[in-house]
Amino acid sequence: MRFSNDVAECNECSDIIIAGYGTAYELDGKTFCCGNCILDYLKMHKKIKVKTIDNDTTTCEVCSDLFEKGDEAIEYDGHTFHEEDCLVEYLEETVPTRTLYTAKDHEDIYGDMLYDQWKDDNL
C-alpha cells in the first residue's frame with residue numbers, strides 16, 4: 001500500500017496546504033491556511049464589528065492595550081481587539097486546526113493497526 005501526504009485547499013485564497021508544511025484551520029466547516037484568510041472570511045460575512053469604546057476600562061484581548069473612551073475597536077465573538085493584527089493572532093491561537101498527515105504518519109498508523117490486529121489474532 002502506498003500513502004501520500006494529506007493536502008487541503010484554503011477556502012479563501014485557494015492555496016494548497018501540505019502536511020508537514022502548514023496548518024489547516026477549520027471554521028464554519030471551511031478550511032483556511034492562515035489567520036489573515038480567516039479574517040478576510042469573517043469580514044466578508046460581516047462576523048466582525050467595529051465599535052466605539054464607551055468606557056476607559058476596556059483592554060485588547062491580545063496586546064492588553066487600554067482603550068480610551070471614544071477609540072474605535074474591533075469586536076469578534078464577544079472579545080475586543082486593538083487592531084486587525086491582534087485579531088489575527090487571536091484567531092490563529094483559538095480556531096481549531098485539522099491534522100494533515102504525512103505519508104510517514106499514514107504508514108506508522110497503518111503499521112500500528114496491523115500490529116494490533118496481528119497481536120489480537122495471536123500471530
Side-chain angles (χ1 to χ4, degrees):
M1 179 170 280
R2 187 171 184 102
F3 296 100
S4 58
N5 291 343
D6 286 341
V7 296
E9 182 177 348
C10 178
N11 285 93
E12 192 61 30
C13 71
S14 299
D15 277 358
I16 301 299
I17 309 159
I18 301 172
Y21 296 100
T23 301
Y25 297 94
E26 298 287 327
L27 182 69
D28 293 346
K30 302 199 179 316
T31 301
F32 302 95
C33 64
C34 65
N36 285 317
C37 283
I38 301 169
L39 177 65
D40 290 345
Y41 168 81
L42 294 174
K43 284 180 180 177
M44 186 181 353
H45 290 88
K46 298 179 180 17
K47 294 188 177 206
I48 60 174
K49 298 177 186 172
V50 176
K51 70 175 189 175
T52 303
I53 301 298
D54 58 3
N55 62 56
D56 56 2
T57 60
T58 304
T59 60
C60 176
E61 182 76 23
V62 173
C63 70
S64 301
D65 283 353
L66 188 64
F67 290 95
E68 292 184 20
K69 192 173 187 177
D71 284 348
E72 284 194 347
I74 299 170
E75 186 175 63
Y76 170 70
D77 198 28
H79 300 283
T80 306
F81 303 93
H82 187 88
E83 55 189 34
E84 287 184 356
D85 288 344
C86 293
L87 177 53
V88 167
E89 185 176 332
Y90 173 82
L91 293 169
E92 289 179 344
E93 291 174 2
T94 60
V95 171
T97 59
R98 176 166 48 116
T99 301
L100 298 175
Y101 293 105
T102 64
K104 175 147 179 22
D105 295 330
H106 283 298
E107 289 170 3
D108 291 345
I109 292 167
Y110 183 71
D112 288 346
M113 287 176 12
L114 286 178
Y115 174 78
D116 289 340
Q117 180 183 358
W118 293 335
K119 186 176 167 188
D120 290 343
D121 292 341
N122 293 322
L123 296 177

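Computed from a predicted model, the values in this text were never measured in an experiment.
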Tightest non-hydrogen contact, residues E12 and D40, listed as OE2-CB, 3.7 Å

In this structure, SG of C60 is separated from CG of D71 (nearest 0.5 Å) by 11.5 Å

State, to 0.1 Å, how close C33 and C10 come at their nearest heavy-atom pair, and which atoms those are. N-SG, 3.4 Å

NZ of K47 to CD1 of I38: how many Å apart, nearest 0.5 Å? 12.0 Å

Nearest-0.5 Å distance, NE2 of residue H82 to CD1 of residue I74: 9.5 Å

Find the distance between CG (D56) and CG (L66) and round it off to the nearest 0.5 Å. 7.0 Å

Under 3.5 Å donor-acceptor, D77 side chain and H79 backbone: no

Using a 6.0 Å cut-off, check whether atom CD of E72 has over 12 heavy atoms from anything other than its own residue. no

Do E26 and T31 pair up side chain to side chain, a donor and an acceptor below 3.5 Å, judged on atom types alone? yes

Measure the CG-OH distance between L27 and Y41 for me, rounded to the nearest 0.5 Å. 6.0 Å

Compare every heavy atom of T57 with every heavy atom of N55, then report the nearest pair and how far apart it is. OD1-N, 3.0 Å

Determine whether I48 and L39 satisfy the following criterion, side-chain contact (heavy atoms from CB on, under 4.5 Å), listing intermediate values before the conclusion. CA-CA 9 Å; I48 60 174; L39 177 65; 3.8 Å; yes

Is it possible for you to say whether V62 and F67 belong to one hydrophobic cluster, with membership spreading through side-chain heavy-atom contacts below 4.5 Å? no

Is any side-chain heavy atom of T80 closer than 4.5 Å to one of K51? yes

With the side chain counted from C-beta on, respond yes when I16 and E9 share a heavy-atom pair under 4.5 Å apart, and no when they do not. yes

Report the distance from atom CD of E89 to atom SG of C63, rounding to the nearest 0.5 Å. 8.5 Å

I need the minimum non-hydrogen distance between A8 and L100, along with the two atoms involved. CB-CD2, 4.2 Å

Chi angles and distances behind the side-chain contact (heavy atoms from CB on, under 4.5 Å) call for H45, D28: CA-CA 11 Å; H45 290 88; D28 293 346; over 6 Å; no

Any heavy-atom pair between the side chains of F32 and L91 that's under 4.5 Å? no

Heavy atoms of E92 and Y25 approach each other most closely as O-CE2, 3.6 Å

Closest non-hydrogen contact found for I53 with A73 is CD1-CB, 3.6 Å

For residues 14-23, which residue pairs pass the salt bridge (charged side-chain N to carboxylate O under 4.0 Å, His left out) check, not counting sequence neighbours? none

